[in-house]
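First comes the structure, then the notes that go with it.
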Amino acid sequence: MNNNVKAVSVAAAVVFMVLAAVGCSSNGGNSSKQGEGGGSKESAKKPVISQSIYDRGSVPPEEGTIEKNRWTDWINENGPATVKFTAIPRWESAAKFNTLFASGSAPDLIFEYDTNYRNQLYNQKQLLPLDDLIANNSTEYKELLEQNPVLRKIGTKPDGKLYEFGRINGLATNHVLYVRADWLKKLNLDVPKTTDDLYKVIKAFTEQDPDGNGKKDTFGYSLSFVTGMITDSMFQNVTWVVENGNLIHDWDRLKAATVFKKKLYDDGLIDKDYLADKNGEKAKQDFINGKLGFYGANGGGGLPLLEALRKNDSNSQMIPIELPESQFGQFSPVIGNPVQMTAVINASAKDPVAVMKHIDFLVSEITQKTLRNGTEGTYWRNVANECPEVIVDKDRQTKELGYLGDFAMLNSSTTFGKCATYASTLDPSKPLEKEYLDIIDMAKKAYLDPARPIAEITHGEHMPGLPQDLGLIVTNANKTISDTINKAIVSGASYTSEQAIADAKSTWEKSGGKQVDDWYAKWYAENKGKAFLKEDMYKMPIIQ
């Protein structure tokens with residue numbers, strides 16, 4: 001693989017996180033008159049539809065806006081419809097959609113990652129059933145459904161009708177727990193196999209000067225953000241678990257996780273201010289700067305994490321490890337969603353057939369390629385038996401392709417085989433990239449084995465949507481319970497874990513939590529044979 005391929009991969013990594021270059025190509029569809037967009041005579045004859053697009057504030061000013069740029073122009077010039085794009089603030093999408101629905105101006109085609117919000121729209125009868133529309137008017141998506149029945153299984157709602165469009169991501173890691181392997185070696189410690197082992201290693205990292213500077217200035221562990229979530233996975237502290245074939249609300253796992261966290265805090269083995277590190281950035285910097293022994297990264301952390309660590313300490317080594325086993329078993333941290341539903345049609349759409357044709361255009365292979373790497377001939381060229389070879393520099397890639405990801409919410413990684421993997425973007429002839437390739441392989445081995453499954457019954461996006469009144473109970477009670485647990489961790493002997501669990505149970509019961517527990521138990525009893533659960537996730541192909 002040549003250097004140009006690596007260059008396209010860097011930009012693709014920015015756009016798609018762990019997705020990168022695509023496979024072979026034929027027609028690049030590069031007839032776009034960039035910057036003119038949608039103004040041709042052909043486009044004027046097309047039906048007009050509307051579509052949402054997340055706005056992350058990532059479009060460079062010279063590229064226009066998220067609603068009008070070279071890629072909205074390309075879609076309008078090459079697709080079957082003239083699309084009016086509506087910007088949706090990424091982190092305030094529900095509020096924006098609610099406003100648009102209330103005013104009768106919600107887009108015909110809605111892209112939204114939040115399963116709960118899509119379920120809310122379904123419960124409000126705001127969504128169009130898709131079965132007949134696909135059967136009578138679709139070609140590309142109909143074929144995708146036939147090849148991947150799981151898309152119909154997941155996109156079908158309780159009334160038995162299909163409402164959601166989706167994509168096949170394949171199985172991939174997400175959260176990763178790293179440890180300073182050079183610290184383990186220096187202190188003659190093994191990779192911890194159990195949570196008791198983990199405590200001993202954390203204590204040694206904090207108290208035995210692993211960086212050798214003669215100062216007690218290191219912490220073994222952190223409980224902020226992803227590392228805290230990973231710790232919960234060790235104890236299967238995920239609220240509802242399956243026991244004896246039934247889904248129950250478990251409190252023992254919450255207590256065990258709380259006791260472990262509180263002991264780390266009480267013994268001075270973690271940063272006392274971890275609660276203020278909401279996004280885990282301080283922990284990340286501490287890890288990079290050689291002041292932290294374990295770090296839980298989101299999305300694997302990527303090559304930049306390794307580069308930064310090595311830049312600060314040329315002898316440093318980081319490796320991903322299997323999560324230590326607790327008294328409840330051995331689990332893996334959160335992994336990527338292998339099948340993800342991303343789009344729905346507004347029940348008030350004036351021309352659903354035109355929207356369906358637009359969907360077919362988006363899921364066609366040539367559109368998926370373009371919305372992944374740009375147009376063939378302009379940004380990349382085909383190389384026999386290889387992934388695409390980029391023909392523009394990195395800066396241009398970043399500027400012109402760096403905001404494409406949300407246009408590709410129907411791209412399926414499985415379409416592109418090995419060229420969809422982040423690993424395929426790395427050059428093994430470069431030592432650091434070779435080292436990171438080994439890290440990717442270690443993480444896959446550690447976390448994608450069904451013998452060590454995720455702690456939850458399924459990926460969070462596939463949990464059933466609660467009725468609105470029960471959802472409100474969860475929202476209100478969880479905030480109080482979370483505050484109660486955090487108080488116990490940081491309050492020393494004045495507020496014990498036992499008292500915190502008792503108070504948390506009381507909060508749950510007084511909030512009406514039993515209704516939620518009963519609802520989940522009933523749903524599981526009736527759907528465990530047909531829902532998309534973690535056993536189904538591990539049957540999907542590994543794409544990473």
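If you're wondering where the values come from, they're calculated on a predicted model, not measured in any experiment. Positions are given from 1, in the same order as the sequence printed here.
Using a 30° and 60° split on the angle between ring planes, Trp240 and Tyr520 fall in the tilted class, from 30° to 60°.
Separation of the Tyr221 and Phe294 ring centroids falls under the 6.0 Å cut-off. For Tyr122 and Tyr163, the gap between ring centers is short of 6.0 Å. When ring centroids are compared, Phe111 and Tyr54 stay outside the 6.0 Å threshold.
Using a 3.5 Å distance cut-off with no hydrogens or angles, the side chains of His462 and Asp536 do not pair a donor with an acceptor. In summary, the side chains of Asp360 and Ser138 do present a donor paired with an acceptor at a separation below 3.5 Å, with no hydrogens or angles considered. Donor-acceptor pairing under 3.5 Å is recorded for the side chains of Thr367 and Ser364. One side chain, Arg167 or Gln340, offers a donor N or O that lies under 3.5 Å from an acceptor on the other.
Contact between Leu323 and Gln330 at its shortest, heavy atoms only, is O-NE2, 2.9 Å. In this structure, Phe331 and Met234 approach most closely via the heavy-atom pair CD1-O, 3.8 Å. Heavy-atom minimum distance, Ala172 versus Ile543: CB-O, 3.5 Å. Contact record, Ile321 with Pro192: CD1-CG, 4.2 Å, taken as the closest heavy-atom pair. Closest approach of Leu171 and Pro338 over heavy atoms only: N-CB, 4.1 Å. The two atoms that bring Asn119 and Met463 nearest to each other are ND2-O, 4.5 Å, heavy atoms only.
Asp277 places a side-chain N or O within donor-acceptor distance of the main-chain N or O of Ala283, the cut-off being under 3.5 Å. Thr421 contributes a side-chain N or O that, together with a main-chain N or O of Ser424, makes up a donor-acceptor pair within less than 3.5 Å. Side-chain atoms of Gln368 come within 3.5 Å of backbone N or O of Ser412 as a donor-acceptor pair. With hydrogens and angles ignored, the 3.5 Å screen pairs no side-chain donor or acceptor of Asn246 with any backbone N or O of Ile248. Between the side chain of Thr496 and the backbone N or O of Gln499, at least one donor-acceptor pair lies under 3.5 Å. The backbone N or O of Ala135 sits less than 3.5 Å from a side-chain atom of Lys142, completing a donor-acceptor pair. In this structure, the side chain of Asn169 does not engage the main chain of Val339 through any donor-acceptor pair within 3.5 Å. Between the Asp197 side chain and the Thr194 main chain, a donor and an acceptor come within less than 3.5 Å of each other. Counting only distance, with no hydrogens or angles, the side chain of Ser224 and the backbone of Gly280 share no donor-acceptor pair below 3.5 Å. The backbone N or O of Lys530 lies less than 3.5 Å from no partner atom in the side chain of Asn527, so there is not a single donor-acceptor pair.
Comment: Arg253 engages Glu243 in a salt bridge, judged by a side-chain N to carboxylate O separation of less than 4.0 angstrom. Glu509 has no carboxylate O lying under 4.0 Å from a charged side-chain N of Lys505, or vice versa, which leaves the two without a salt bridge. Salt bridge present: Asp518 and Lys514 bring a charged side-chain N and a carboxylate O closer than 4.0 Å. In summary, Lys539 and Glu535 do not engage in a salt bridge, as defined by a charged side-chain N under 4.0 Å from a carboxylate O. Taking a cutoff of 4.0 Å between a charged side-chain nitrogen and a carboxylate oxygen, Lys203 and Asp267 do not qualify as a salt bridge. Residues Glu164 and Arg118 are paired through a salt bridge, judged by an N-O separation under 4.0 Å between the basic side chain and the carboxylate. Comment: Asp55 does not engage Arg90 in a salt bridge, judged by the lack of any side-chain N to carboxylate O separation of less than 4.0 angstrom.
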Please test Leu254 against Phe235 for side-chain contact (heavy atoms from CB on, under 4.5 Å), starting from the C-alpha separation and ending with a verdict. CA-CA 8 Å; Leu254 174 60; Phe235 292 92; over 6 Å; no
Might you work through the side-chain contact (heavy atoms from CB on, under 4.5 Å) test for Met341 and Phe165, ending with a clear yes or no? CA-CA 6 Å; Met341 311 313 289; Phe165 298 102; 5.7 Å; no
Working note: Phe219 + Leu269, criterion side-chain contact (heavy atoms from CB on, under 4.5 Å); need CA distance, chi angles, decisive distance, verdict. CA-CA 6 Å; Phe219 283 117; Leu269 308 182; 5.8 Å; no
Step-by-step salt bridge (charged side-chain N to carboxylate O under 4.0 Å, His left out) determination, Lys434 to Asp438: CA-CA 6 Å; Lys434 172 64 171 65; Asp438 292 340; 3.0 Å; yes
In sequence, state the C-alpha distance, the side-chain angles, and the governing distance for Arg452 and Glu322, and then conclude on salt bridge (charged side-chain N to carboxylate O under 4.0 Å, His left out). CA-CA 9 Å; Arg452 293 180 295 279; Glu322 295 175 12; 3.6 Å; yes
Please step through salt bridge (charged side-chain N to carboxylate O under 4.0 Å, His left out) for the pair Lys200 and Asp196, ending with a clear verdict. CA-CA 7 Å; Lys200 294 173 183 174; Asp196 289 340; over 6 Å; no
Test side-chain hydrogen bond (donor to acceptor under 3.5 Å, both in side chains) on Glu112 and Ser93 and set out the steps. CA-CA 8 Å; Glu112 172 59 58; Ser93 60; 2.8 Å; yes
Pair Phe328-Asn237, side-chain contact (heavy atoms from CB on, under 4.5 Å): steps then yes or no: CA-CA 10 Å; Phe328 303 102; Asn237 179 28; over 6 Å; no
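Counting heavy atoms from C-beta outward, Ser497 and Lys262 have side chains that approach closer than 4.5 Å. Using a 4.5 Å heavy-atom cutoff, the side chains of Leu128 and Asn346 are not in contact. Two residues are said to be in side-chain contact when any heavy atoms from C-beta on lie closer than 4.5 Å; Tyr295 and Lys284 meet this criterion. Side-chain contact between Ser222 and Asp286 is absent, with no heavy atoms from C-beta onward closer than 4.5 Å. Counting heavy atoms from C-beta outward, Met229 and Val334 have side chains that stay 4.5 Å or more apart. For the pair Glu435/Leu432, a side-chain contact is recorded, criterion being any heavy-atom separation below 4.5 Å from C-beta on. In this structure the side chain of His249 reaches within 4.5 angstrom of the side chain of Thr239, judged on heavy atoms. You'll find the side chain of Leu533 reaches within 4.5 Å of the side chain of Tyr524, heavy atoms only.
In terms of the ring pair (Phe, Tyr, Trp, His ring centres under 6.0 Å) criterion, Tyr274 has no residue partners (sequence neighbours excluded).
Shown are Arg152, Lys157, Lys161; of these, the salt bridge (Lys or Arg N to Asp or Glu O under 4.0 Å) with Asp131 is made only by Arg152.
Residue-environment remark: CD (Glu307) exceeds the threshold of 12 foreign heavy atoms within 6.0 Å. The number of heavy-atom neighbours closer than 6.0 Å to NZ of Lys153, taken from other residues, nucleotides and ligands shown, is above 12. In this structure, Lys96 places its NZ atom where only 12 or fewer heavy-atom neighbours from other residues, nucleotides or ligands lie under 6.0 Å away.
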Anything under 3.5 Å between a donor and an acceptor, one on a side chain of residues 464-477, the other on a protein residue two or more places apart or in another chain? List them.
{"residue": "Thr475", "atom": "OG1", "partner": "Gly471", "partner atom": "O", "Å": "3.0"}
{"residue": "Asn476", "atom": "ND2", "partner": "Leu472", "partner atom": "O", "Å": "3.3"}

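With rounding to the nearest 0.5 angstrom, the NZ atom of Lys528 is 11.0 Å from the CH2 atom of Trp523.
Figure legend: cation-pi geometry between Lys263 and Tyr199, with NZ or CZ positioned under 6.0 Å from the six-membered ring centre and within 45° of its axis.
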